[in-house]
Amino acid sequence: MTSASLLRRQTSAASSLSHKARNTASGTLAGIGLAAFIDETVFHQLLHWHHFYDKSTLEVGLVSDGLFHALGFFAVVAGLFLLADLRRRQGLWWTRWVGGVLIGTGGFQLYDGLVQHKLMKLHQIRYDVDLLPYDLTWSLTAAVMVAIGTVLTVRTRAGDSRQR
């Protein structure tokens with residue numbers, strides 16, 4: 001093997017590794033933004049079940065919702081910029097990207113349910129109801145999404161281009 005072909009092989013391997021990480025990062029950011037968008041739109045704005053921060057006045061809750069919505073929007077934009085860059089470089093790996101989306105969506109939801117709802121008590125899914133069915137549905141759905149996303153991501157670890 002010549003040094004030029006060895007260098008090409010090493011460059012290709014490094015590029016493939018970089019593309020794998022970018023696919024996962026892009027999907028995860030898009031997933032976090034998607035989860036934030038759904039949470040904000042459905043539970044905060046349409047159903048009025050809670051605000052991002054419910055430990056103060058309604059005005060503070062609405063401002064916290066706006067900041068939360070903006071953060072989700074920026075996560076989606078960043079994820080889509082990475083996606084466009086991967087397409088341009090011909091490094092997009094849909095299976096891995098979808099795995100990242102599921103990890104991001106489920107991870108965000110799991111973090112929200114466990115940390116923000118239970119540990120920090122910033123808000124609850126609903127008030128004046130039995131929370132157990134809501135909490136179980138929220139957290140179990142999140143765990144299933146993370147598990148499926150992890151399986152998809154691990155399955156693409158070998159770098160087999162036929163899985164794209």
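The shown structure was predicted, so the numbers you read here are calculated from the model rather than taken from an experiment.
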Asks: Is there a salt bridge (charged side-chain N to carboxylate O under 4.0 Å, His left out) between Lys118 and Asp135 once you walk through the steps?
Replies: CA-CA 9 Å; Lys118 298 305 166 200; Asp135 288 338; 2.7 Å; yes
Asks: Can you list the steps and then say if Leu102 with Val146 is a side-chain contact (heavy atoms from CB on, under 4.5 Å)?
Replies: CA-CA 6 Å; Leu102 289 170; Val146 168; over 6 Å; no
Asks: Would you compute the distance between atom CG of Leu131 and atom OG1 of Thr137 and round it to the nearest 0.5 angstrom?
Replies: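 If we round to the nearest 0.5 Å, Leu131:CG and Thr137:OG1 are 11.5 Å apart.
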Asks: Which distance, rounded to the nearest 0.5 Å, do you find between the CE of Met145 and the CG of Leu140?
Replies: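 Rounded to the nearest 0.5 Å, the CE-CG separation comes to 11.0 Å.
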Asks: Quiz question: by atom type and distance under 3.5 Å, do the side chains of Ser26 and Trp97 form a donor-acceptor pair?
Replies: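 Short answer, yes.
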Asks: I'd like to check Leu110 versus Trp138 (side-chain heavy atoms, cut-off strictly below 4.5 Å). Are they in contact?
Replies: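 The answer is no, as the side chains (C-beta and beyond) never meet within the 4.5 Å cut-off.
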Asks: So, does Asn23 use its side chain to make a donor-acceptor pair with the main chain of Leu92 at under 3.5 Å?
Replies: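 No, because the side chain of Asn23 does not come within donor-acceptor range (under 3.5 Å) of the backbone of Leu92.
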Asks: Tyr134: what forms a ring-ring contact (aromatic ring centres under 6.0 Å, His included) with it, not counting sequence neighbours?
Replies: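 Here the qualifying residues are Trp49.
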Asks: Under 3.5 Å, is there a donor-acceptor pair between the side chain of Thr105 and the main chain of Gly31?
Replies: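 Checked: pair present.
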Asks: Can you list everything that forms a ring-ring contact (aromatic ring centres under 6.0 Å, His included) with Tyr53? Sequence neighbours excluded, please.
Replies: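 Once residues adjacent in sequence are excluded, Tyr53 has no partner under the ring-ring contact (aromatic ring centres under 6.0 Å, His included) criterion.
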Asks: Should Val98 and Val144 be counted in the same cluster of Ile, Leu, Val, Met, Phe, Trp and Tyr side chains packed under 4.5 Å apart?
Replies: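 Cluster IDs for Val98 and Val144 match.
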Asks: With rounding to the nearest 0.5 angstrom, report the NZ to CD distance, Lys121 to Gln116.
Replies: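 Result: 13.5 Å between the selected atoms.
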Asks: Are Val115 and Leu122 grouped together when hydrophobic residues (ILVMFWY) are joined by side-chain heavy atoms under 4.5 angstrom apart?
Replies: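 Yes, one cluster joins them.
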Asks: For Thr24 and Arg96, does a side-chain donor sit closer than 3.5 Å to a side-chain acceptor?
Replies: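 Yes, a side-chain donor-acceptor pair sits under 3.5 Å.
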Asks: Nearest 0.5 Å, what's the CD1-CG distance between Ile32 and Asp112?
Replies: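 Atom-to-atom, Ile32:CD1 and Asp112:CG are 12.0 Å apart.
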Asks: Do you reckon Leu67 sits in the same ILVMFWY cluster as Tyr111, going by side-chain contacts under 4.5 Å, direct or chained?
Replies: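 In one cluster with Leu67: Tyr111, no.
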Asks: Any chain of hydrophobic side-chain contacts (each under 4.5 Å) joining Leu86 to Trp94?
Replies: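 Yes, because Leu86 and Trp94 connect within a single hydrophobic cluster, where side-chain heavy atoms sit under 4.5 Å apart.
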Asks: Please say which of Arg126, His44, His117 ends up in a side-chain hydrogen bond (donor to acceptor under 3.5 Å, both in side chains) with His50.
Replies: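 The option that passes is His44.
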Asks: Using 0.5 Å steps for rounding, measure from the CD1 atom of Ile38 to the CZ atom of Phe108.
Replies: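 Going from the CD1 atom of Ile38 to the CZ atom of Phe108 covers 10.5 Å.
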Asks: Is there a donor-acceptor contact under 3.5 Å from the side chain of Trp93 to the main chain of Thr156?
Replies: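 Flag not set: sc Trp93 to bb Thr156 has no pair under 3.5 Å.
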Asks: Check the pair Leu119, Leu114 against side-chain contact (heavy atoms from CB on, under 4.5 Å), reporting the backbone distance first and the verdict last.
Replies: CA-CA 6 Å; Leu119 291 177; Leu114 297 178; 5.8 Å; no
Asks: Counting only heavy atoms from other residues, nucleotides and ligands, does the tally under 6.0 Å from CZ of Phe43 exceed 12?
Replies: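 Yes, CZ of Phe43 has more than 12 neighbouring heavy atoms, counting only those of other groups under 6.0 Å.
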Asks: Measure from the side-chain N and O atoms of Glu40 to the backbone N and O of Gln45, and report whether any donor-acceptor pair falls under 3.5 Å.
Replies: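 No.
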Asks: Which atoms form the tightest heavy-atom contact between Ala30 and Val101, and what is the distance?
Replies: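 Looking at all heavy atoms of both residues, the shortest contact is CB-CG2, 4.4 Å.
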Asks: How about His123 and His51: are their ring centres within less than 6.0 Å of each other?
Replies: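 When the ring centroids of His123 and His51 are compared, they turn out to be at least 6.0 Å apart.
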Asks: Please tabulate, for the side chains in residues 68-85, all donor-acceptor contacts under 3.5 angstrom to protein atoms that are two or more places apart in sequence or on a different chain.
Replies:
unit_1 : atom_1 : unit_2 : atom_2 : d
Asp85  : OD1    : Arg88  : NH2    : 2.7
Asp85  : OD1    : Arg89  : NE     : 3.2
Asp85  : OD2    : Arg22  : NH1    : 2.6
Asp85  : OD2    : Arg89  : NE     : 2.9

